[in-house]
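One structure is given here, and the rest of the page talks about it.
Bear in mind that the values here come from a model prediction, so they are computed numbers and not experimental data. Positions are given from 1 along the sequence.
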Amino acid sequence: MLKIGLQLYTVRDELERDFKGTLAKIAELGYQGVEFHNFYGHSAEEVRAIVNELGLEIVGTHVQYNSLKEDLDAVIAYHNELGNRNLIVPYLSEEQRQWDDVFASLNAIGGKIAAENLVLFYHNHDFEFTTQVDGRPALYAMYETVPASHLQVELDSCWAHAAGYPPTEVIAKYAGRLPLVHWKDMSRSEGRVLTVEFGQGK
């Protein structure tokens with residue numbers, strides 16, 4: 001069944017000023033779940049109590065790639081206490097885009113967290129489509145190299161479209177491996193991709 005959640009990066013400034021109040025407003029608006037990117041110093045116990053009180057489901061959390069590589073045991077412990085199963089790599093810096101190393105690291109991380117009953121995801125931007133690895137988009141090479149048991153798909157529809165890949169086609173390609181989608185509308189201004197309200201973009 002389709003569930004609608006909010007990626008909390010969208011309200012990052014409000015969340016930093018008033019963590020619980022912002023989450024309460026999100027629940028009041030009717031969202032069923034939230035996807036975290038930062039906990040602003042709150043313990044896993046505190047966050048779990050707040051979302052349980054508000055009746056929100058934790059869809060997942062964006063976790064920086066370096067944190068997963070360098071501090072994985074602490075990340076696992078936090079999310080086990082939080083009750084969140086889905087850990088999502090949100091972005092790779094240009095320096096991190098050493099694809100053979102990335103694929104090997106994601107495979108190792110995904111295997112370790114799968115043993116803890118957690119799931120690793122990768123969230124795309126446009127560069128994973130426009131960068132080629134052995135004649136394929138880097139994103140496709142990633143999912144061909146790392147098995148589904150170790151890495152699932154969180155498709156960002158905006159960035160797929162921006163790169164020239166229709167989101168519906170990517171969804172069909174990874175059916176059965178793609179439980180999370182970021183739905184965003186976009187426009188372009190002076191060559192820049194802008195996220196806009198639904199119906200206001202392309």
Exercise for the section: Show your reasoning for whether side chain to side chain contact (heavy atoms under 4.5 Å, CB included) applies to Val59 and Val34. Expected result: CA-CA 6 Å; Val59 176; Val34 288; 6.0 Å; no

Problem - Trace of the side chain to side chain contact (heavy atoms under 4.5 Å, CB included) decision for Ile4 with Trp183 - result: CA-CA 10 Å; Ile4 305 298; Trp183 292 113; 5.9 Å; no

Exercise for the section: Using the salt bridge (Lys or Arg N to Asp or Glu O under 4.0 Å) rule, take Glu53 and Lys20 through it: C-alpha gap first, then chi angles, then the decisive distance, then the call. Expected result: CA-CA 10 Å; Glu53 177 187 339; Lys20 184 175 181 179; 3.1 Å; yes

Practice task
Would you please test Tyr65 and Leu106 for side chain to side chain contact (heavy atoms under 4.5 Å, CB included) and show each step?
Solution key: CA-CA 9 Å; Tyr65 180 58; Leu106 293 177; 4.2 Å; yes

Practice task
May I have the step-by-step check of side chain to side chain contact (heavy atoms under 4.5 Å, CB included) for Phe36 and Val51, ending in yes or no?
Solution key: CA-CA 11 Å; Phe36 284 96; Val51 295; 4.1 Å; yes

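Within a 6.0 Å sphere centred on OH of Tyr40, heavy atoms belonging to other residues, nucleotides or ligands number more than 12. Within 6.0 Å of the CG atom in Asp100, the count of heavy atoms belonging to other residues, nucleotides or ligands does not exceed 12. Other residues, nucleotides and ligands contribute more than 12 heavy atoms inside 6.0 Å of the CZ atom of Phe39. For Gln64, the CD atom counts as loosely surrounded, since its 6.0 Å shell holds 12 or fewer non-hydrogen atoms of other residues, nucleotides or ligands.
In terms of heavy-atom proximity, Leu54 sits nearest to Ala24 at CD1-N, 3.5 Å. The two residues Val133 and Phe103 make their nearest non-hydrogen contact at CG1-CE1, 4.3 Å. Between Leu56 and Leu23, the closest heavy-atom pair is CD1-O, 3.7 Å. The two residues Ala114 and Ser149 have their closest heavy-atom pair at CB-O, 4.0 Å. Pairing each heavy atom of Ala163 with each of Phe129, the nearest pair is CB-CB, 3.6 Å.
Ion pairing between Arg48 and Glu81 fails under the 4.0 Å rule for side-chain N and carboxylate O. Ion pair Lys184/Asp156 flagged as a salt bridge, since at least one NZ, NE, NH1 or NH2 atom sits closer than 4.0 Å to an Asp/Glu carboxylate oxygen.
Hydrophobic clustering, with ILVMFWY side chains joined whenever heavy atoms are under 4.5 angstrom apart, keeps Leu82 apart from Leu72. No continuous path of hydrophobic side-chain contacts links Leu6 to Ile88 [ILVMFWY only; heavy atoms under 4.5 Å]. When the side chains of ILVMFWY residues are joined at heavy-atom separations under 4.5 Å, either directly or via intervening members, Leu151 and Ile76 end up in a single hydrophobic cluster. Linking Ile, Leu, Val, Met, Phe, Trp and Tyr whenever their side-chain heavy atoms come within less than 4.5 Å puts Leu92 and Tyr165 in one cluster. In this structure, Ile109 is a member of the same hydrophobic cluster as Val153, with clusters built from ILVMFWY side-chain heavy atoms closer than 4.5 Å.
In this structure, Arg136 fails the cation-pi test against Tyr140, since its NZ or CZ atom is not both closer than 6.0 Å to the six-membered ring centre and inside 45 degrees of the ring normal.
Donor-acceptor pairing under 3.5 Å is lacking for the side chains of His123 and His62. For the residue pair Glu57/Gln32, the side-chain donor-acceptor check at 3.5 Å is not satisfied. With 3.5 Å as the limit, one finds no donor-acceptor pair spanning the side chains of Gln152 and Asn86. Counting only N and O atoms by type, the side chains of Glu116 and His79 include no donor and acceptor under 3.5 Å apart.
Going from atom CG of Leu180 over to atom CG of Leu155 covers 10.5 Å, rounded to the nearest 0.5 Å. With rounding to the nearest 0.5 angstrom, the CD atom of Glu154 is 8.5 Å from the CG atom of Leu178. Rounded to the nearest 0.5 angstrom, Arg12 CZ and Leu15 CG are separated by 11.0 Å. For the atom pair OG (Ser105) and CD (Gln96), the distance works out to 10.0 Å, reported to the nearest 0.5 Å. For the atom pair CG of Asp126 and CH2 of Trp159, the computed distance is 5.0 Å after rounding to the nearest 0.5 Å. Between atom CG of residue Asp185 and atom CD of residue Gln200 there is a gap of 8.0 Å, rounded to the nearest 0.5 Å.
By the 4.5 Å heavy-atom criterion applied to side chains, Val63 and Pro90 are not counted as neighbours. Side chains of Asn84 and Leu87 form a contact here, defined as non-hydrogen atoms less than 4.5 Å apart. Under the 4.5 Å side-chain criterion, counting only non-hydrogen atoms from C-beta, Pro179 is in contact with Phe121. Between Val47 and Phe19, some side-chain heavy-atom pair lies under the 4.5 Å cut-off. Residues Tyr78 and Thr61 are not in side-chain contact: their nearest non-hydrogen atoms beyond the backbone lie 4.5 Å or more apart. By the 4.5 Å heavy-atom criterion applied to side chains, Asn38 and Tyr9 are not counted as neighbours.
Between Tyr91 and Phe127, the ring planes are perpendicular. Angles over 60° get that label, and only those under 30° would be called parallel.
Side-chain N or O atoms of Thr22 include one that pairs as donor or acceptor with a backbone N or O of Asp18 at under 3.5 Å. At least one donor-acceptor pair closer than 3.5 Å links the side chain of Glu46 to the backbone N or O of Ser43. One N or O on the side chain of Ser157 and one on the backbone of His182 form a donor-acceptor pair closer than 3.5 Å. Listed for the Arg177 side chain is a donor-acceptor partner under 3.5 Å among the backbone atoms of Tyr143. Remark: the backbone N or O of Glu128 is not paired with any side-chain donor or acceptor of Thr131 at under 3.5 angstrom. Formation of a donor-acceptor pair under 3.5 Å by the Arg188 side chain with backbone atoms of Leu194 is not found in this model. Glu16 contributes no side-chain N or O that, together with a main-chain N or O of Asp13, makes up a donor-acceptor pair within less than 3.5 Å.
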